[in-house]
Amino acid sequence: MEKPINSISLVIDGKQISVPSGTTILDAAKQVGITIPALCYHPKVSRSGACRVCIVEVGGTLVTACTTPVSGGMEVITNSPYVENMRRDLIDLILSDHPYDCMVCQKTGECELQELAYKYSIRNPVFRGERRQYAQKDGNPFIDRDMEKCILCGRCVKICDEVQGVGAIDFAYKGFWAKVCPPFEQDLNCEFCGQCVMVCPTGALIGKNWVARGRYWNMREVESTCPYCGVGCTLSLHVKENEIVRVTAKEGRGVNDGLLCVKGRFGYQFVSSPDRLKTPLIRRRKGGDLEPATWDEALGVVASRLKRVKEQYGPDAIAGLSSARCTTEDNYLFQKFMRAAVGTNNVDHCARL
Amino acid sequence: MPGDITINICMGTGGIAAGGEAVMSAFEDALASADIAASVKKHCAAHKVGCRGFCARDVLVDVIENGGKHTYEYIKPDMVKRIVEEHLAGGQPVQEWLVKEDYHTFHGKQVRAVLADCGEMDPEDIEAYAGRGGYEAALKSLTSLAPTDIIEELKRSGLRGRGGAGFPTGLKWEMARNEPGDTKYIICNADEGDPGAFMDRSLVEGNPHAVIEGMLIGAYAIGAQRGYVYIRAEYPLAVQRLTIALGQARERGFLGRNIQNTGFDFDIKVKLGAGAFVCGEETALIASIEGNRGMPRAKPPFPAQKGLWGKPTVINNVETLANVPYIMRKGSGWFAGFGTEKSKGTKVFALTGKIRNSGLIEVPFGISLREIIFDIGGGIEGDRKLKAVQTGGPSGGCIPASLMETSVDYESLASAGSIVGSGGMVVLDETDCMVNVAKYFLEFTKSESCGKCIPCRVGTMRLLEILTRITSGKGRPGDVELLQELSEDIKMTSLCGLGQTAPNPVLSTIRYFKDEYDAHIIERRCPAGVCKSFIAFTVLEEFCKGCMACVRVCPSGAIVGEKKKPHRIVQDVCIKCGACFATCKFQAVRKRAVYGEIHTR
């Protein structure tokens with residue numbers, strides 16, 4: 001393969017590699033199959049270098065792999081005992097200010113911090129001392145914000161600002177007592193897209209309706225399409241005992257590439273709601289109750305009534321309103337039906353209202 | 001004019017605090033009255049001047065006549081009348097109020113290069129600065145020098161950043177100049193935050209035009225159209241004088257459009273900082289100017305590449321910039337004539353602590369610590385034993401008395417485990433506990449950490465907790481090693497300079513005073529008698545006269561006893577403030593060591 005014009009050659013853990021200039025050490029390492037642990041790095045947001053866990057050795061000094069661009073002839077060591085020991089101590093410091101409640105934490109098994117604690121076998125932190133404790137809980141309807149578990153990686157702040165464009169949260173206070181919170185520490189009051197929940201590496205941000213609904217390893221993941229709007233985001237439905245207990249989205253899948261909105265992420269309870277319609281309903285007598293019917297019968301009623309109105313008052317007495325929740329194809333068919341079958345141009349769409 | 005008398009009154013923050021304004025108006029009133037004008041028969045003018053350095057002797061007043069200068073110390077408004085009558089009118093200086101020998105030894109080994117005009121002229125008068133050669137360098141630079149000439153001259157001078165890191169200024173300017181782009185910025189970092197440091201404040205208060213002129217030359221050299229001075233809002237006098245100076249510079253055509261008809265445009269904006277120590281870090285400072293939370297970001301890219309609003313930006317400290325006009329006026333050779341091979345020029349230090357003569361000093365690099373402390377500083381207060389010198393503030397370290405021959409320059413102080421830093425110099429004596437000193441600085445860095453990166457946010461907290469348990473008698477074997485390991489972690493992995501240097505006070509005190517740590521942890525005593533858990537105050541009955549003096553000063557009501565009968569200190573109530581110890585005239589109150597509780601890990 002021909003080398004890109006401004007490619008840079010370097011060595012990572014003894015492996016020779018050429019990457020375009022501007023590539024970070026972390027991304028370059030990924031290309032030769034070396035995973036450098038990182039807690040604040042997230043591909044969707046700008047680099048911050050806050051967690052320091054991705055430190056690697058370059059020429060005897062430590063640099064963060066996620067923020068340092070490669071340079072020619074660089075020799076990077078990602079796993080020397082010195083680096084690993086520093087990383088261990090960093091994880092140890094985080095754990096010294098973290099509730100040791102993995103056995104009841106919803107994030108268990110998916111927690112990036114837990115994974116690193118496991119990797120470095122930190123049963124009891126060497127460093128011990130005061131732990132942040134907050135009595136006040138956030139009363140918002142969707143997101144459980146447990147700031148005692150927050151490691152201040154800043155992913156949530158960045159994705160809210162840089163990707164969602166909302167900026168509902170930011171850092172407040174200083175030093176040890178720095179804290180991510182909404183303005184004036186009020187309850188979160190935002191779009192509740194839950195992008196922050198998606199990127200949180202620990203159990204600090206959890207969907208409220210996922211709590212105690214099951215461990216992820218007991219769930220079956222089913223890929224589906226969001227029914228709410230025409231965008232058609234790709235969902236991962238987490239199903240336990242034939243019930244959806246959580247919805248996520250996978251990076252690299254579908255048009256949404258891992259992102260969701262409040263409806264797609266948190267509004268799935270209707271699927272198993274007892275109030276949900278399972279058949280069409282027809283009011284057979286004036287003033288009577290709606291009664292279950294078959295699709296044939298229901299469509300027959302609609303067709304005959306439309307026909308009657310058209311004959312009696314002409315086609316322009318009928319108007320059709322379609323929905324943004326339908327697909328483009330559905331909407332195309334609907335206007336075709338209104339124009340060709342009914343014979344009117346009275347067709348509109350809820351997104352214009 | 002010959003025959004005229006100039007009276008300079010110190011009106012820096014120190015001078016004003018000592019009553020400078022009242023002294024000033026006393027002089028003005030006296031000079032305005034007709035009888036005195038008639039008796040003096042000479043033209044007298046009173047001026048306010050910036051910091052003179054020897055703030056402890058304020059209010060300092062100079063009377064200058066025919067080039068001869070008499071300096072008075074500790075002047076109060078009611079003393080003015082006699083000075084006017086005897087000295088101004090009678091020609092006889094008031095000998096008993098003149099400065100004494102130590103005032104001259106204080107200045108003996110100092111070299112006033114950047115402070116040359118500070119304390120000698122009215123900082124609120126651009127004409128006073130211009131009269132002393134001010135703005136000549138800027139005019140010369142803008143009209144007859146190419147930007148690269150200026151950068152080369154600075155490189156030859158060897159000027160290095162005075163904010164602490166010591167990066168060569170010429171090189172920094174060259175980097176910014178060589179960056180592509182039309183929009184560039186120059187920022188003056190006046191966010192002086194080290195506890196006990198007041199170099200930059202004194203410079204801005206005493207000679208704001210030098211800072212402006214330095215920025216103007218820098219802007220021309222790098223191609224910047226706009227500059228910012230990031231200054232703490234806690235420095236109201238400095239902000240006020242800077243604002244006045246900026247207005248005067250605009251009026252005189254040294255700022256604004258088409259400066260001195262050279263076609264060069266440049267202006268400066270003042271940005272007030274809210275006092276966060278971390279905002280002295282350049283990337284945090286930039287974030288703060290941009291209106292964001294002052295948190296540092298990872299480098300590279302460096303500010304010279306991508307700084308304020310993403311544009312190439314040079315950030316220099318106040319003292320660095322104030323040096324520039326003098327270098328450009330007097331030449332790089334003059335500047336490089338001071339100092340050592342690698343550290344050229346002079347450095348301003350704020351000399352404080354247990355020293356006889358504390359104040360603002362300027363010394364050439366290469367001077368020894370001993371000369372600063374014993375010659376300039378006049379030795380230790382109360383002739384106690386020198387224990388250590390703390391340089392560089394919370395980012396620096398403690399250098400023990402045995403290393404007093406250490407040359408004061410970037411490299412030598414670094415190899416002794418400390419730094420030049422921005423110029424704080426705290427002298428410690430035998431009554432200072434080194435573990436407590438380390439704890440003091442960690443308290444500062446812990447609460448000034450921005451909280452962004454883990455080692456600094458959690459690490460400094462843990463360091464402080466370990467130090468606190470050692471000083472409160474709960475130290476455990478292995479704590480010193482734990483401190484060292486954690487310090488190394490924080491130093492090596494922190495994001496910005498605040499964290500990277502925060503463990504220095506711990507590491508340097510362990511390096512030179514490990515015996516004090518061991519005394520606290522193993523022997524359960526504080527050798528300096530500072531840490532409260534290891535001391536108790538008691539009254540020796542045979543010495544106590546029952547005078548009640550200690551009873552009166554005790555803030556916690558811990559001392560009981562009747563008049564003319566021996567008193568007793570109730571230990572459970574005593575807060576160990578030492579007020580009784582300091583008050584007792586009969587040495588009846590004694591401080592003794594107590595053993596702390598024994599704790600094991």
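Below, each value reflects all heavy atoms present in this structure, side chains not excepted, and no hydrogens, waters or symmetry copies.
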Check your understanding: Looking at B:K271 and B:E290, does any basic side-chain N land under 4.0 Å from a carboxylate oxygen?
Key -> no

Review point. Any salt bridge between A:K137 and A:D144, counting N to O under 4.0 Å?
Key: no

Check your understanding: Under 4.0 Å between a Lys/Arg side-chain N and an Asp/Glu carboxylate O for A:E185 and A:K179?
Key -> yes

Check your understanding: Less than 4.0 Å between a side-chain N and a carboxylate O, is that true for A:D97 and A:R131?
Key -> no

Point to revise | Proximal component of B:R462, with respect to chain A [non-hydrogen, under 4.5 Å] | key: side chain

Check your understanding: Based on non-hydrogen pairs under 4.5 Å, which of A:T68, A:L90, A:D92, A:T67 is most in contact with chain B?
Key -> A:L90

Check your understanding: Which region of B:S494, side chain (C-beta onward) or backbone (N, CA, C, O), has a non-hydrogen atom less than 4.5 Å from a non-hydrogen atom of chain A, or is it both or neither?
Key -> backbone

Review point. Between B:S472 and B:C531, is any pair of side-chain heavy atoms under 4.5 Å apart?
Key: no

Review point. Side chain, backbone, both or neither: which part of A:I55 has a non-hydrogen atom closer than 4.5 Å to chain B?
Key: side chain

Exercise for review: State which residue, out of A:E84, A:R88, A:E115, fulfils the side chain to side chain donor-acceptor pair (under 3.5 Å) condition with A:Y120.
Suggested key: A:E84

Check your understanding: So, B:E282 and B:K299, do they make that salt bridge, N to O below 4.0 Å?
Key -> yes

Check your understanding: Looking at B:I466, B:I454, B:V278, which one has more heavy-atom pairs under 4.5 Å with chain A than the rest?
Key -> B:I454

Review point. Residue by residue, which of residues 163-173 of chain A have a heavy atom closer than 4.5 Å to a heavy atom belonging to chain B?
Key: A:F171, A:A172, A:Y173

Check your understanding: A:G49, A:G129, A:C51: which one forms the most heavy-atom pairs within less than 4.5 Å of chain B?
Key -> A:G129

Check your understanding: Does atom NZ of B:K306 have more than 12 heavy-atom neighbours from other groups under 6.0 Å away?
Key -> no

**Study point:** Whether over 12 other heavy atoms sit under 6.0 Å from B:F167 CZ
**Key:** yes

Check your understanding: Can you say whether B:M461 sits under 4.5 Å from chain A via the side chain, the backbone, both, or neither, judging by heavy atoms?
Key -> side chain

Review point. Below 4.0 angstrom, N of the basic side chain to O of the carboxylate: do B:E448 and A:K174 qualify?
Key: yes

Check your understanding: Heavy-atom distance under 4.5 Å to chain A: side chain of B:S447, backbone, both or neither?
Key -> backbone

Point to revise | Interface residue of largest heavy-atom contact number with chain A, from B:P301, B:A298, B:G459, B:C450, under 4.5 Å | key: B:C450

**Study point:** N-O pairing of A:E112 and A:R155 below 4.0 Å
**Key:** yes

Study note, to complete from the structure: The interface call for A:R47 against chain B, heavy-atom contacts under 4.5 Å, is neither

